[in-house]
Protein chains: 2
Amino acid sequence: MPPSSTVDRILDTAEALFAEKGFAETSLRAITSKAGVNLAAVNYHFGSKEALIQAVFQRFLEAFCVRLDEKLRDMADDEVSLEALLSLVSHTSVAAQQGDARRVAIFFRLSGLGYTQGQGHLRKFLRERYGDVFTRFLMRLQQAVPDVSPMELFWRVHFALGSTIFTLSGMDSLRAICKADFGDDLGPGDVDKRLIAFLAGGIRASVQAS
Amino acid sequence: MPPSSTVDRILDTAEALFAEKGFAETSLRAITSKAGVNLAAVNYHFGSKEALIQAVFQRFLEAFCVRLDEKLRDMADDEVSLEALLSLVSHTSVAAQQGDARRVAIFFRLSGLGYTQGQGHLRKFLRERYGDVFTRFLMRLQQAVPDVSPMELFWRVHFALGSTIFTLSGMDSLRAICKADFGDDLGPGDVDKRLIAFLAGGIRASVQAS
DNA sequence: AGCAAACACAAACAAACGTTTGAAACGTCT
DNA sequence: AGACGTTTCAAACGTTTGTTTGTGTTTGCT
């Protein structure tokens, strides 16, 4: 095991508990006792609870953004479809978590919480640190749907982001309901396909005259 | 003013503070001091903090569901377009808050928090109490897009719900960004139009072969 | 071996939390 | 007026929170 497994155990446990209960609802004592480390370890290694939250985010986002950026550069100047770009995000998310679909869901759940909770100082942090990757992705999207004006695209991307975060946040519950109501047991990949089709349809929607 | 203005002042203040900071992050002391009432008033009038949260929800949802149900019955067996149904939700939300767009945003922000936070016992409460109105609305949607299978529609409605909650949760921030980046100062109505177009496009998207 | 830095640990800290208490103030009856 | 139920209020309750402290223990370097 790694030289400092305490740090990793804290990060892993915090990630899971934050996603399950939320930030404020998860105490350091719950994290440390479940992780099997001393209570003071959090403040020793991370400084504070808020710094822990940022560290949890950063660990995923770093991996995700690096991989996404690589793939975007690999595409060079190729023309890529809207669906391909959306799938890219999905696949990169999964790959950045070493194929663990459960952790992908956890991360998006965290994103949703972080996006709405916490006065947005987390959002500013993300924008400053990974804003350029996001901008690069946005330009690719614009190439894929040249008929949609930049401002329209801005809004639609955020609409799509909402769907994604919301869906992946509660995917387990939704899949359970789906199975109960329709008898269809969908895998995570099936949901992804449906979501991407929905998002592509929305982003491509013709602008209606007002 | 009403006979019991204490209850209303608590509800109003709690609604705003919950939306701003989240449930766990908002203390009863913050609510009561801002509302200008005694700390013990919450437990006296509502019983507990959790009961307060439910009361805040119920006040809006009751008004919303009653109005939505009325409008749905008024439509009788008319054929209504998908866009018209989505607009109906939007207009009903605004009407149920007496035209106060700020409070509509607050409510959707609360919905988003309630949907992800709190182990879902709030979601169960909503489903039990207002599930039939939701079902009735869903049947109308199905009529509007008969080509989409029921299960597909189930998923797409939840995708749409995610977009809506997420967007209206952070609409103010997004509008500020939009103004800064594009110089376009959109009103809440403009965002609604764009959101509805996006949702309609997504819900109507053709199912792709897998 | 010996020293210093890094880490783990139990214990305690002050602050904030939701909730309860008992008495004061209020309005409404007969 | 007096008595009653309702509401308000300041104060305190017992927990739980994040953080800090002091003291061991381990680790790596010379």
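Below, chain A is the first sequence line, B the second, and so on; all start at residue 1.
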S.K.: Residues of residues 27-43 of chain B with any non-hydrogen atom less than 4.0 angstrom from an atom of DNA chain C: list those, numerically ordered, please.
M.R.: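 DNA chain C contact set from residues 27-43 of chain B: S27(B), L28(B), R29(B), L39(B), A40(B), N43(B).
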
S.K.: What integer distance in Å separates F23(A):CZ from dG18(D):C1'?
M.R.: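 Result: 17 Å.
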
S.K.: Checking side chain to side chain contact (heavy atoms under 4.5 Å, CB included) between I31(B) and each of D12(B), L17(B), L11(B), which is the one that passes?
M.R.: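 The single option meeting the side chain to side chain contact (heavy atoms under 4.5 Å, CB included) with I31(B) is L17(B).
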
S.K.: Taking the six-membered ring for Trp, are the ring centroids of F107(A) and F60(A) within less than 6.0 Å of each other?
M.R.: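 Yes - the distance between ring centres of F107(A) and F60(A) falls below the 6.0 Å cut-off.
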
S.K.: How many Å lie between NZ on K49(B) and P on dA16(C), as a whole number?
M.R.: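 These atoms are roughly 15 Å apart.
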
S.K.: L52(B) has an atom CG; how far is it from atom C1' of dC17(C), in whole Å?
M.R.: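 In whole Å, dC17(C) C1' lies 15 Å from L52(B) CG.
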
S.K.: Whole Å only: how far is the OH atom of Y44(A) from the C1' atom of dA8(C)?
M.R.: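 Answer to the nearest Å: 9 Å.
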
S.K.: Assess, by modelled atom type and distance only, whether the side chains of S5(B) and R9(B) contain a donor and an acceptor separated by less than 3.5 Å.
M.R.: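 Their side chains do contain a donor-acceptor pair, which is all the 3.5 Å distance test asks for.
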
S.K.: Test your reading of the model: is there a side-chain donor-acceptor pair from R194(B) to the backbone of E152(A), 3.5 Å cut-off?
M.R.: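 Checking the backbone N and O of E152(A) against the side chain of R194(B), no donor-acceptor pair under 3.5 Å is found.
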
S.K.: Kindly express the pairing pattern of DNA chain D in dot-bracket notation, using | wherever a base pairs with another strand and counting only Watson-Crick or G-U pairs under 3.5 Å.
M.R.: |||||.|||||||||||.||||||||||||

S.K.: OP1 or OP2 of dT8(D) less than 4.0 angstrom from a side-chain nitrogen or oxygen of H45(B), does that happen here?
M.R.: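 Yes, H45(B) has a side-chain N/O under 4.0 Å of OP1/OP2 on dT8(D).
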
S.K.: May I ask you to evaluate whether T6(A) reaches the phosphate of dC7(C), defined as a side-chain N or O under 4.0 Å from OP1 or OP2?
M.R.: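 Looking at the OP1 and OP2 atoms of dC7(C), neither is under 4.0 Å from any side-chain N or O of T6(A).
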
S.K.: Measure from CD on E25(B) to P on dC17(C) and round the result to the nearest Å.
M.R.: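 The distance from CD of E25(B) to P of dC17(C) comes to 11 Å, rounded to the nearest Å.
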
S.K.: Check this for me: K34(A), atom NZ, are more than 12 non-hydrogen atoms of other residues, nucleotides or ligands nearer than 6.0 Å?
M.R.: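 It does not: K34(A) NZ has 12 such atoms or fewer within range.
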
S.K.: Is it the case that the side chain of D184(A) and the backbone of L186(A) share a donor-acceptor pair, with hydrogens and angles ignored and the cut-off at 3.5 Å?
M.R.: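 Pair absent, no side-chain N/O of D184(A) close to backbone of L186(A).
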
S.K.: Hey, does the side chain of R204(B) reach the backbone of V145(B) with a donor-acceptor pair shorter than 3.5 angstrom?
M.R.: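 No; zero donor-acceptor contacts below 3.5 Å.
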
S.K.: So does M139(A) have more than 12 non-hydrogen atoms from other groups sitting under 6.0 Å from CE?
M.R.: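 Result for CE/M139(A): open.
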
